[in-house]
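The structure appears right after this line, and notes come after that.
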Amino acid sequence: MLSEGWDAKTVTHIMGLRAFTSQLLCEQVVGRGLRRTSYEINEHGLLDPEYVNVFGVPFSFLPHEGGELGGGARPTPPKIKIEPTRERLQYEISWPNVLRIDHRLNHKLTLDHSKLEELEIKAVDNPTVADLAPILEGKPDYSKMSSIDLKNFASSLRLQTIIFKFATHLLPSIESEQKWTGGKHELFADLVSLVESVLKSDKIRINPKSQNDDPEKRNLYLRLSMDKIIRHVARALISQNATAYDILYDTSEPIRYTRDAGIWYTTKRCLPYKKTHMNLCVFDNSTWEEHAAKTLDADSHVAAWVKNDHIGFEISYLFSGVVRKYLPDFLIRFNNGNHMILEIKGLERDKDKEKWAYLDEWCKAVSATKRYGVWSWGVSKDPNELKDILAKHYGR
């Protein structure tokens with residue numbers, strides 16, 4: 001009678017066939033039809049309206065939008081149902097539900113420059129000149145405009161000062177977050193030496209070259225890009241000096257399975273495949289994703305795969321001081337028991353590099369436990385190279 005718990009999201013009509021003794025009961029019954037079938041955002045950045053027709057329920061305090069019966073908006077048509085299926089349980093994929101990864105580092109930090117990726121600092125992303133004008137009656141007075149030129153500030157920046165500032169800001173991330181157990185003064189001395197070697201190397205490059213070759217201008221852009229460089233150096237130090245990983249799992253659900261994915265609905269393009277646990281694979285208007293799904297389903301090395309859509313697999317990462325969630329595109333289980341996380345990407349951005357660094361760390365830490373098999377990750381920037389990527393990771 002709709003007076004108990006109700007979780008149906010496709011209710012389009014409610015008809016009252018009994019006496020109602022209170023307005024509260026009417027509200028409760030009508031409320032059973034107010035669950036949305038879809039939370040997809042339309043091209044205007046809004047949710048599409050959804051409606052339910054209610055008959056025979058005295059719901060007097062809310063005016064009827066349509067007026068006469070049948071004159072209102074039509075109920076939203078049912079969406080396509082997406083869910084895992086029992087018949088495909090052999091294609092189930094599981095993974096550890098990792099909340100955070102801590103590290104144990106060597107007491108003596110080292111940094112191999114040959115393994116350190118180059119970092120390009122683009123001058124255009126770091127403006128050094130700004131024009132200022134006073135505001136009079138809400139409008140800028142351009143006749144009194146003045147300029148602030150940070151290039152004059154560059155002459156006061158000594159490289160040694162920059163090195164100490166970098167080491168000071170790098171210290172907390174190594175000492176606290178990464179479970180450093182050595183002495184603080186010893187750690188700071190190591191960081192000063194390591195930062196100096198990195199900043200003086202060709203691994204940090206200013207673009208254009210004219211700014212890189214001028215010592216004063218190079219120091220200025222190093223100072224303006226301090227946060228970005230610190231993340232780059234910290235990531236390299238942790239990667240090269242980690243002796244062990246400490247993984248913090250979600251205790252309420254330490255391992256997740258595709259069978260636990262909830263039922264959801266969509267209006268996007270969907271296609272059925274053989275080797276996935278889900279009844280349909282949903283595509284976000286990407287022909288590359290559709291090509292990848294077809295390739296995965298046909299590849300002889302692949303035992304099972306699933307598109308990472310509403311299944312709960314996510315990796316936390318830090319970018320621009322904000323903790324964000326990264327959802328890679330596909331999870332794959334090979335015939336030999338190894339797993340792979342696949343990303344389909346056309347244009348690579350700075351944010352993507354941060355995501356992939358955390359993804360690489362996740363795979364190394366999970367594989368090091370030796371409880372969940374070998375995990376690796378790959379990025380396909382060209383649909384034609386996907387089969388080669390699969391063959392490469394199958395043999396790891």
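All residue numbers refer to positions in the sequence shown, counting from 1.
Side-chain contact check for Lys268 versus Phe283: every heavy-atom pair is 4.5 Å or farther apart. With a 4.5 Å cut-off on side-chain heavy atoms, Leu222 and Ile229 count as touching. Looking only at side-chain heavy atoms (C-beta outward), Leu386 and Thr295 come within less than 4.5 Å of each other. Side-chain contact between Ser225 and Ile121 is present, with heavy atoms from C-beta onward closer than 4.5 Å.
His291 places a side-chain N or O within donor-acceptor distance of the main-chain N or O of Pro383, the cut-off being under 3.5 Å. Formation of a donor-acceptor pair under 3.5 Å by the Asp309 side chain with backbone atoms of Cys281 is not found in this model. Although no hydrogens or angles enter the test, the distance criterion places a donor-acceptor pair under 3.5 Å between the side chain of His277 and the main chain of Thr85. A donor-acceptor contact shorter than 3.5 Å links the side chain of Asn336 to the backbone of Tyr394. Judged purely by atom type and a 3.5 angstrom limit, Asp246 has no side-chain atom pairing as donor or acceptor with the backbone of Asp102. With hydrogens and angles disregarded, a donor-acceptor distance shorter than 3.5 Å links the side chain of Lys203 to the backbone of Leu116. At distances below 3.5 Å, at least one donor-acceptor pair connects side-chain atoms of Asp329 with backbone N or O atoms of Ile344.
In the hydrophobic clustering of ILVMFWY residues, with side-chain heavy atoms under 4.5 Å counting as a link, Leu34 and Val29 come out together. Follow the hydrophobic side-chain contacts under 4.5 Å out from Ile263 and you never reach Leu89; the two are in separate clusters. Using a 4.5 Å cut-off between side-chain heavy atoms of Ile, Leu, Val, Met, Phe, Trp and Tyr, with links allowed through other members, Leu99 and Tyr372 fall into different hydrophobic clusters. Connection of Tyr91 to Ile82 is not established within any shared hydrophobic cluster, with ILVMFWY side chains joined at heavy-atom distances below 4.5 Å, either directly or through further cluster members.
Remark: Lys228 NZ is packed, more than 12 non-hydrogen atoms of other residues, nucleotides or ligands lying under 6.0 Å away. A 6.0 Å sphere centred on NZ of Lys294 holds no more than 12 heavy atoms belonging to other residues, nucleotides or ligands. Crowding of His169 atom NE2: a count of heavy atoms from other residues, nucleotides or ligands under 6.0 Å not exceeding 12. By the 6.0 Å contact criterion, CD on Glu117 is open, its count of non-hydrogen atoms from other residues, nucleotides or ligands being 12 or less.
A donor-acceptor contact closer than 3.5 angstrom links the side chains of Arg218 and Asn212. For the residue pair Ser380 / Lys345, no side-chain donor-acceptor distance below 3.5 Å is found, with atom types taken as modelled. Between the side chains of Glu361 and His103, at least one donor-acceptor pair of N or O atoms lies under 3.5 Å. Side-chain contact of Glu83 with Asn279: a donor-acceptor pair under 3.5 Å is absent, judged by distance alone. Between the side chains of Thr267 and Glu40, at least one donor N or O sits under 3.5 Å from an acceptor N or O.
With values rounded to the nearest 0.5 angstrom, His232 atom NE2 is found 9.0 Å from Lys353 atom NZ. Between the CE atom in Met340 and the CD1 atom in Ile332 there is a gap of 5.0 Å [rounded to 0.5 Å]. The distance from the OH atom of Tyr358 to the SG atom of Cys363 is 15.0 Å, given to the nearest 0.5 Å. Rounded to the nearest 0.5 Å, atoms CG (Asp250) and CG (Asn97) are 4.5 Å apart. Here the CG-CD1 distance, from Leu224 to Ile206, works out to 9.5 Å after rounding to the nearest 0.5 Å. Note that CD of Glu289 and CG of Leu342 are 10.0 Å apart. Values are rounded to the nearest 0.5 Å.
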Point to revise | Worked verdict on Lys307 versus Asp284 for salt bridge (charged side-chain N to carboxylate O under 4.0 Å, His left out) | key: CA-CA 11 Å; Lys307 189 172 185 290; Asp284 301 318; 3.5 Å; yes
Point to revise | Val198 and Leu194: CA distance, side-chain angles, deciding distance, side chain to side chain contact (heavy atoms under 4.5 Å, CB included) verdict | key: CA-CA 6 Å; Val198 172; Leu194 292 169; 5.6 Å; no
Check your understanding: Should Asp213 and Lys209 be marked as a salt bridge (charged side-chain N to carboxylate O under 4.0 Å, His left out) after you check the CA-CA gap, both sets of side-chain angles, and the distance that decides it?
Key -> CA-CA 6 Å; Asp213 294 340; Lys209 190 175 183 297; 2.7 Å; yes
**Study point:** Arg86/Arg259 under side chain to side chain contact (heavy atoms under 4.5 Å, CB included): CA gap, chis, key distance, verdict
**Key:** CA-CA 8 Å; Arg86 294 182 179 180; Arg259 77 177 82 148; over 6 Å; no
Point to revise | Verdict with supporting geometry, Phe55 and Asn53, side chain to side chain contact (heavy atoms under 4.5 Å, CB included) | key: CA-CA 7 Å; Phe55 309 93; Asn53 281 336; 3.8 Å; yes
Check your understanding: Could you walk me through whether Arg269 and Glu290 pass the salt bridge (charged side-chain N to carboxylate O under 4.0 Å, His left out) check?
Key -> CA-CA 10 Å; Arg269 175 175 168 79; Glu290 190 172 334; 3.0 Å; yes
Practice item. Determine, step by step, whether Lys325 and Ser316 satisfy the side-chain hydrogen bond (donor to acceptor under 3.5 Å, both in side chains) criterion, reporting the C-alpha distance in whole Å, the side-chain angles of both residues, the deciding distance to 0.1 Å, and the verdict. Key: CA-CA 5 Å; Lys325 298 294 185 182; Ser316 299; 2.9 Å; yes
Review point. Is there a side chain to side chain contact (heavy atoms under 4.5 Å, CB included) between Leu47 and Asn42 once you walk through the steps?
Key: CA-CA 6 Å; Leu47 296 169; Asn42 60 25; over 6 Å; no
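The two residues Leu327 and Glu314 make their nearest non-hydrogen contact at CD1-CB, 3.9 Å. The two residues His393 and Asn338 come nearest to each other via the heavy atoms O-ND2, 4.4 Å. Closest heavy-atom contact between Trp288 and Lys381: CH2-O, 3.1 Å. For Val30 against Ile14, the heavy-atom pair with the smallest separation is O-CD1, 4.1 Å. Among all heavy-atom pairs drawn from Lys275 and Val302, the shortest one is NZ-O, 2.9 Å. When all heavy atoms are compared, the tightest approach of Val306 to Thr276 is CA-OG1, 3.8 Å.
Ring planes of Trp264 and His310: parallel class, angle under 30° (limits at 30 and 60°).
Checking each of Trp356, Trp362, Phe330 against Ile341 for a side-chain contact (heavy atoms from CB on, under 4.5 Å) leaves exactly one that passes, namely Trp362. Applying ring pair (Phe, Tyr, Trp, His ring centres under 6.0 Å) to Phe313 and the options Tyr257, Tyr326, Trp95 leaves one that passes, Trp95.
Classification of Arg256 and Asp260 as a salt-bridged pair fails, no side-chain N sitting under 4.0 Å from a carboxylate O. With respect to the salt-bridge test (charged N to carboxylate O, under 4.0 angstrom), the residues Arg349 and Asp352 qualify. Taking a cutoff of 4.0 Å between a charged side-chain nitrogen and a carboxylate oxygen, Glu50 and Arg36 qualify as a salt bridge. The existence of a salt bridge linking Glu354 and Arg235 is confirmed by a sub-4.0 Å separation between a basic side-chain nitrogen and an acidic carboxylate oxygen.
Scored by the salt bridge (Lys or Arg N to Asp or Glu O under 4.0 Å) test, Lys115 finds no partners at all (sequence neighbours excluded). Shown here are the salt bridge (Lys or Arg N to Asp or Glu O under 4.0 Å) partners of Lys200, two or more places apart in sequence or in another chain: Glu196.
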